[in-house]
Visitor: 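Below is one structure. I have some questions about it.
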Amino acid sequence: MNDRDREHRRAQSARALLWTSVLLGFLGLIVISPAGRLFFLAVATLFAAISMFLGQGRARTVGMVVTLVLLVFCVVTYPAYREHMDHYLEQAESQR
């Protein structure tokens, strides 16, 4: 495999990861549970960050933007997740 094929494969992988991250981010936004929402958003952010490092040119720029947007969604979702988990832990303690 020559360098040109390797670069083409990296570009394809970056695009596939980017589209996967967008899909997972969308799923994260429609999940009702804060724990599920944070999970999907975190995985989507990870995929977008990987695509940002693999991509070149426009794919890298789009990867950066998607990563930042998903990070903002993660930060906004975290307080609801924390509240949800605190309530869950309280219920688990009371059932003992």
Side-chain angles (χ1 to χ4, degrees):
M1 180 181 333
N2 60 20
D3 289 338
R4 185 175 179 184
D5 291 338
R6 190 171 292 133
E7 289 300 319
H8 180 68
R9 196 169 297 212
R10 281 181 62 178
Q12 284 181 330
S13 296
R15 282 193 300 271
L17 283 169
L18 190 59
W19 280 109
T20 304
S21 71
V22 169
L23 177 65
L24 287 172
F26 178 72
L27 286 174
L29 292 176
I30 62 173
V31 169
I32 295 172
S33 165
R37 178 178 297 145
L38 188 63
F39 171 77
F40 278 112
L41 290 173
V43 172
T45 303
L46 179 66
F47 281 11
I50 293 170
S51 75
M52 178 180 66
F53 289 117
L54 286 179
Q56 293 179 348
R58 186 171 53 171
R60 179 171 285 180
T61 305
V62 172
M64 277 191 264
V65 170
V66 171
T67 301
L68 290 174
V69 168
L70 289 169
L71 274 174
V72 168
F73 284 145
C74 284
V75 168
V76 168
T77 301
Y78 184 76
Y81 163 78
R82 188 74 253 157
E83 182 180 330
H84 174 77
M85 291 308 292
D86 287 344
H87 180 69
Y88 173 77
L89 290 174
E90 287 174 10
Q91 281 185 333
E93 289 286 325
S94 68
Q95 290 180 359
R96 283 187 168 184

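Everything quoted here is computed from the prediction, not taken from an experiment.
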Visitor: Atom CZ of R9 and atom CZ of R4: how far apart are they, to the nearest 0.5 Å?
Guide: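 If I round to the nearest 0.5 Å, the distance is 14.0 Å.
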Visitor: Do L29 and V66 sit in the same hydrophobic cluster, where Ile, Leu, Val, Met, Phe, Trp and Tyr count as joined when their side-chain heavy atoms come under 4.5 Å apart?
Guide: yes
Visitor: For the CG atom of N2 and the NE2 atom of H8, what is their distance to the nearest 0.5 Å?
Guide: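 Reported to 0.5 Å precision, the distance equals 11.5 Å.
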Visitor: Once side-chain contact (heavy atoms from CB on, under 4.5 Å) is applied, do any residues pair with S33, and if so which ones, sequence neighbours excluded?
Guide: V31, A35, H84
Visitor: Does R82 pair with D86 as a salt bridge, N-O distance under 4.0 Å?
Guide: yes
Visitor: Could you list the cluster mates of Y81? Members are the ILVMFWY residues connected by side-chain heavy atoms closer than 4.5 Å, either directly or through other members.
Guide: L38, Y78, M85, Y88, L89
Visitor: What's the spacing between R37 CZ and I30 CD1 if we round to 0.5 Å?
Guide: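 Answer rounded to 0.5 Å: 10.0 Å.
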Visitor: Working to the nearest 0.5 Å, report the span between CD of Q56 and CD of E7.
Guide: 4.5 Å
Visitor: Locate the shortest heavy-atom distance separating L18 from G63; write the atom from each residue and the value.
Guide: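 Closest approach of L18 to G63: CD1-CA, 3.8 Å.
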Visitor: Verify the cluster assignment for V65 and L71: are they in a single hydrophobic cluster under the rule of side-chain heavy atoms below 4.5 Å apart?
Guide: no
Visitor: Please output the side-chain donor-acceptor pairs of residues 42-49 that fall under 3.5 Å, not counting sequence neighbours, one pair per line with the distance.
Guide:
unit_1: T45; atom_1: OG1; unit_2: L41; atom_2: O; d: 2.7

Visitor: For a quick test of reading the model, state the closest non-hydrogen atom pair linking S51 to L17 and the distance between them.
Guide: CB-CB, 3.8 Å
Visitor: Kindly give the heavy-atom pair with the smallest separation between T77 and P34, and that separation in Å.
Guide: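 That would be CG2-O, 4.1 Å.
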Visitor: Give me the other members of the hydrophobic cluster that M64 sits in, counting Ile, Leu, Val, Met, Phe, Trp and Tyr linked by side-chain heavy atoms under 4.5 Å, directly or via other members.
Guide: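 Its cluster partners, ordered by chain and number, are M52, F53.
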Visitor: Using the rule that Ile, Leu, Val, Met, Phe, Trp and Tyr join whenever any side-chain heavy atoms are under 4.5 Å apart, tell me whether W19 and L23 fall into a single cluster.
Guide: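 Shared cluster, no.
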Visitor: When clusters are formed from ILVMFWY side-chain contacts under 4.5 Å, directly or step by step, what else is grouped with V75?
Guide: none
Visitor: Starting from F40, can I reach I50 by hopping between I/L/V/M/F/W/Y residues whose side chains sit under 4.5 Å apart?
Guide: yes
Visitor: Between L70 and G25, what is the shortest heavy-atom contact and its length?
Guide: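 For L70 and G25, the tightest heavy-atom pair comes out as CD2-CA, 3.9 Å.
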Visitor: The criterion is side-chain contact (heavy atoms from CB on, under 4.5 Å); which residues satisfy it with E83, sequence neighbours excluded?
Guide: none
